[in-house]
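Basis for what follows: all heavy atoms, side chains included, without hydrogens, waters or symmetry-related copies.
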Protein chains: 2
Amino acid sequence: MRFEDCLCFQLACLSRSLSRTYRDRIAPHGLTQAQFFMLIALYEEDGAPPSRLSQKTRLDRPTVTGLLDRLERDGWVERRSDPADRRSLRVFLTAKAWRHQESLCAVYEEVNGLFMEKFSPEEWQAFRAFLDRLRDDH
Amino acid sequence: MRFEDCLCFQLACLSRSLSRTYRDRIAPHGLTQAQFFMLIALYEEDGAPPSRLSQKTRLDRPTVTGLLDRLERDGWVERRSDPADRRSLRVFLTAKAWRHQESLCAVYEEVNGLFMEKFSPEEWQAFRAFLDRLRDDH
DNA sequence: CAACATCTATTAGCATGCACACTATTTTTG
DNA sequence: CAAAAATAGTGTGCATGCTAATAGATGTTG
């Protein structure tokens, strides 16, 4: 099989390409694409522990630790200890993050809309089914 | 749109997942997935300059430089200067790389086969068309 | 021919993303 | 209850992948 036809190669290219679409729009906010996605996850689940964020974003825990480090450094989130379990933390969005919510979620919806509008609902369903079929058991 | 339904997120997860499938099989050879793909590209175009490899793999040139650094360090490739243009280099596979060709290409075909067999030819064509539709103009 | 632009590859700096190992805490088990 | 196992988060080291800036060589243009 020719290299250009390799599915893994094509998916990797496409994934980087889509990430760039977000990146270009959120760079003015001082966020990277991965940080942006973590914030979107937190807008849905403010106060989640890192383990939950790792599960939700399907990133390893050391990766989440690093992301949270930089988000905390830049004042987007705050780690608070969990009184119920001293091993655990809970991650909370700061006032700054809530101030940017509308603007960031608008970018999120806008870019998702750019992708969605290229397909009919039936095509989307079929596409999603293809992705799901590839997801498991290698 | 819920975070889990975001196409960019799903593609990124899937891309990492597929990469892992190659990684598990080529780690014993002492190669990473990106290095492995670069070798596959070179089996098709031995002697190509870095600029061509950057185009072929759709990676930035600094990324290609780093990949070639590590491949050369580990004895897989060799950079030779181009007599016709002293700015240019040409990248050649070493004897070691050719010795591993059969084995590495077997992994390549095996894993691609794992993915391909999940779809009928018509489904593959439809899937590829979806990917192509997303590729351009963001 | 000389100034300028372009093209080659690279370096530096940063942020992921991963495997591995580690500490602290909690839970389980004998 | 004490020992072992499991869990939460982190530190380390490495390999991508990117942007911006750089050095050298070639092409272009006045």
Side-chain angles (χ1 to χ4, degrees), chain A residues 8-9 11-24 26-28 30-39 48-55 57-74 76-77 79-91, chain B residues 8-9 12-24 26-39 48-55 57-74 76-77 79-91:
Chain A
C8 182
F9 165 69
L11 278 183
C13 291
L14 185 55
S15 173
R16 290 197 301 273
S17 165
L18 299 196
S19 291
R20 232 168 280 144
T21 310
Y22 294 94
R23 184 159 61 220
D24 296 342
I26 56 181
L31 287 166
T32 65
Q33 182 266 341
Q35 292 167 0
F36 173 72
F37 273 23
M38 184 60 82
L39 284 187
S51 55
R52 169 66 189 140
L53 296 172
S54 166
Q55 176 188 37
T57 60
R58 303 209 209 190
L59 294 170
D60 287 345
R61 273 194 296 200
T63 299
V64 169
T65 295
L67 272 171
L68 294 177
D69 283 347
R70 288 177 287 274
L71 283 171
E72 195 163 28
R73 177 197 66 192
D74 297 339
W76 295 99
V77 306
R79 278 184 261 221
R80 297 186 207 152
S81 53
D82 183 344
D85 185 338
R86 285 194 296 170
R87 291 172 303 183
S88 284
L89 298 175
R90 287 161 60 83
V91 181
Chain B
C8 182
F9 165 68
C13 291
L14 185 55
S15 173
R16 290 197 300 273
S17 165
L18 298 197
S19 291
R20 233 167 280 143
T21 310
Y22 293 94
R23 184 159 60 221
D24 297 342
I26 57 182
H29 292 267
L31 286 166
T32 66
Q33 182 265 342
Q35 292 166 359
F36 173 71
F37 273 24
M38 184 59 83
L39 284 187
S51 56
R52 169 66 189 140
L53 296 172
S54 166
Q55 176 190 36
T57 60
R58 302 210 210 190
L59 294 171
D60 287 346
R61 272 192 297 198
T63 299
V64 170
T65 294
L67 272 170
L68 294 177
D69 283 348
R70 290 178 285 275
L71 283 172
E72 194 162 28
R73 177 199 65 192
D74 297 341
W76 294 98
V77 307
R79 279 185 260 220
R80 298 186 206 151
S81 54
D82 183 343
D85 185 340
R86 284 194 296 169
R87 292 171 302 184
S88 285
L89 299 175
R90 287 162 61 83
V91 181

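- At a threshold of 4.0 angstrom between heavy atoms, the contacts of A:R73 are confined to the sugar-phosphate backbone, with no base atom among them.
- Residue A:T32 places none of its side-chain N or O atoms closer than 4.0 Å to OP1 or OP2 of C:dC14.
- Between A:F36 and A:Y22, the ring planes are tilted. Angles from 30° to 60° get that label.
- Nucleic acid contact class of A:T65 (heavy atoms, under 4.0 Å, all strands): base.
- Among the protein residues, A:P62 comes within range of the nucleic acid bases, having at least one heavy atom under 4.0 Å from a base atom.
- Across the protein-nucleic acid pair, A:L68 atom CG and C:dA15 atom C1' stand 14 Å apart, rounded to whole Å.
- Backbone-only engagement by B:D85 is indicated by non-hydrogen atom pairs under 4.0 Å involving sugar-phosphate atoms exclusively.
- Applying the 4.0 Å criterion to OP1 and OP2 of D:dG9, one finds that A:S51 has a side-chain N or O inside that range.
- Within the 4.5 Å cutoff, side-chain heavy atoms of A:L59 are placed close to those of B:R16.
- Contact annotation for B:R79: backbone-only contact, meaning every heavy-atom pair under 4.0 Å involves sugar-phosphate atoms and none involves a base.
- Within the nucleic acid shown, A:R70 comes within 4.0 Å of at least one base atom, counting heavy atoms only.
- Separating the CG atom of A:L67 from the C1' atom of D:dG9 is a distance of 15 Å, rounded to the nearest angstrom.
- Atom C1' of nucleotide C:dA19 and atom CG of A:D60 are separated by 8 Å, given to the nearest angstrom.
- Across all strands, A:Q33 comes closer than 4.0 Å to no nucleic acid atom at all (heavy-atom distances).
- Counting any heavy atom pair closer than 4.0 Å across all strands shown, A:R20 reaches sugar-phosphate atoms only and no base atom.
- Using a cut-off of 4.0 Å between Lys/Arg side-chain N and Asp/Glu carboxylate O, B:R79 and B:D69 are scored as salt-bridged.
- In the interface, the side chain of A:R86 is not paired with the base of C:dT25 through any donor and acceptor atom under 3.5 Å apart.
- Taking atom CG of residue B:L89 and atom P of nucleotide D:dG24, one finds them 15 Å apart after rounding to whole Å.
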